[in-house]
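First comes the structure, then the notes that go with it.
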Amino acid sequence: MFALIDCNNFYASCERLFNPKLENFPVVVLSNNDGCVIARSEEAKKLGIAMGQPYFEIKKLAEQKLVHVASSNFSLYGDISQRVMNILHYFIDEIEIYSIDEAFINLDQIKKSDLTAFGLDIRKTIKQWTGIPVSIGLGSTKTLAKAASKVAKKQPQFGGVVNFINNPAIDSWLDQIAVDDIWGIGRQYGKLLKSLNIATALDFKKLPPDWIKKNLTSAGLTTWQEINGQALVDFEKEKSQAKSIISSRSFKQPIRELGALEKLVASYTARAAEKLRADRLKAKEISVYIRTNRFNRENFYFNSTKIKLNPPTDYSPELITQAQIALKKIFKPGLPYKKAGISLTQLVDKNCIQPNLFENKNLENKKERLMRCLDKLNQKFGSKTIGSAAESFCGVSFLEQSFKSPSYTTDWQELLLVK
DNA sequence: TCTGGGGTCCTAGGACCC
DNA sequence: TCTGGGGTCCTAGGACCC
């Protein structure tokens, strides 16, 4: 038995915490470069603003309807997320943090007769201690718990907690959940299913498994089994080791010069390398990609290439050197590039690496100490305090964030002032 | 004019082997 | 004219998640 705790409209709710005037007003949060809408308050949803909609499409509406528009403030959201997760830990030892705004708990470890009341208690405490509203769904599988949390979010009469465990009405609720709202059914499968008149989670539940396997592959079959009450997706109490680390950005204005791209790729690589070292991993492979505007079909250019790293490394200068070599291989002069990114793949535990017979132990130790020093300085004095000259630090920002709220809880300079 | 970022998993098909 | 059978491994692309 599982419960899913899901923060409502999380980023929008975070923006409200320190700006209570926004309560009952529409709020949206934008992606990087203030490009797309990535979170909406209930009021904003009611205005018809869609998830992922480009900001320029709703700008007029937002002005007319006094929508509060916020650029994304991930240091704030990350910190509030931690506070919510800490409260869950207060109730229970083991939680599975599924995303920045969601966590599963395994109810088998709860010795309580009334699980719904337990959920209500969690919800009330999170709201009281952080100000963040959450929805909680309980189910005999993770997929059912997810579905229950959707009902909890949409049906206020349940006080934010819906229990599907031993619930005789479960099928009538599944009949009210759109098929593409099921965890594991996305846009493409949703389209396919709807074209066959399979509109709700209940319709999906009744499909023959062979058909699911054939058309939605094995992952789809797992979803079907979970909807039918067979728990296949395990509770994961330990965070699994990362398999890849990605760092990429779109540019507000297109970039044509190789030099500028080199600097950006270097800084993305430095950021990914920092994460790599924080996770005590090394990479066996680095890949780089660049692309032009994907909404301009005629002259679209995308290319990527990868380079093997032997031996595996977490040393920023080496990674940056290789990233720039890769970039030069795929760079075509004169194109208006809109995005570049790098990814580190084939990650291995840094302590489980076959050493090179001819490696210079002394030099390797020096490199490691240099990286440790770099990470410490950047931690203490702020990111990008020091770094590789290849990153330029030229002061040119390619990122636009016109509506960013202060980092109220993570930066001494930006604490909330109280009169 | 303007369109995010960071992940995981599965599968078909192509390369290779004998 | 006609051209086997049984494997493994890798990767690109496509699905999904938040």
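Chain identifiers are assigned alphabetically (A, B, ...) following the order of the sequence lines, protein sequences preceding nucleic acid strands; residue numbering begins at 1 within each chain. Every heavy atom of this structure was used, including side-chain atoms; hydrogens, water molecules and symmetry mates were not.
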(message) With heavy atoms of chain A within less than 4.0 Å as the criterion, where does contact along DNA chain B begin and end?
(response) dC2(B) to dT11(B)

Give [X] one of three labels, base, sugar-phosphate or nothing, depending on what nucleic acid heavy atoms sit under 4.0 Å from its own.
| X | value |
| --- | --- |
| E102(A) | sugar-phosphate |
| Y55(A) | nothing |
| K191(A) | nothing |
| I100(A) | nothing |
| I185(A) | sugar-phosphate |

(message) Just to be sure I understand the geometry, which residues of residues 1-9 of chain A put a non-hydrogen atom under 4.0 Å away from DNA chain C?
(response) none

(request) Identify, between F295(A) and K243(A), the residue whose nearest nucleotide on DNA chain B lies closer to the 5' end. (result) F295(A)

(message) Can you work out whether I38(A) or K59(A) has the more 5'-proximal nearest nucleotide on DNA chain B?
(response) K59(A)

(request) Take E15(A) and S405(A) through the side chain to side chain donor-acceptor pair (under 3.5 Å) test and state the conclusion after the steps. (result) CA-CA 7 Å; E15(A) 292 294 336; S405(A) 53; 2.9 Å; yes

(message) Using modelled atom types and a 3.5 Å cut-off, is there a donor and acceptor pairing between side-chain atoms of D6(A) and backbone atoms of S149(A)?
(response) no

Can you give me every donor-acceptor pair (side chain of residues 177-186 of chain A, partner residue at least two apart or in another chain, under 3.5 Å) with its distance?
{"unit_1": "D180(A)", "atom_1": "OD1", "unit_2": "K194(A)", "atom_2": "NZ", "d": "3.4"}
{"unit_1": "D180(A)", "atom_1": "OD2", "unit_2": "K194(A)", "atom_2": "NZ", "d": "3.0"}
{"unit_1": "W183(A)", "atom_1": "NE1", "unit_2": "Y98(A)", "atom_2": "OH", "d": "3.2"}

(request) In whole angstrom, give me the gap between the C1' atoms of dG4(B) and dC17(C). (result) 15 Å

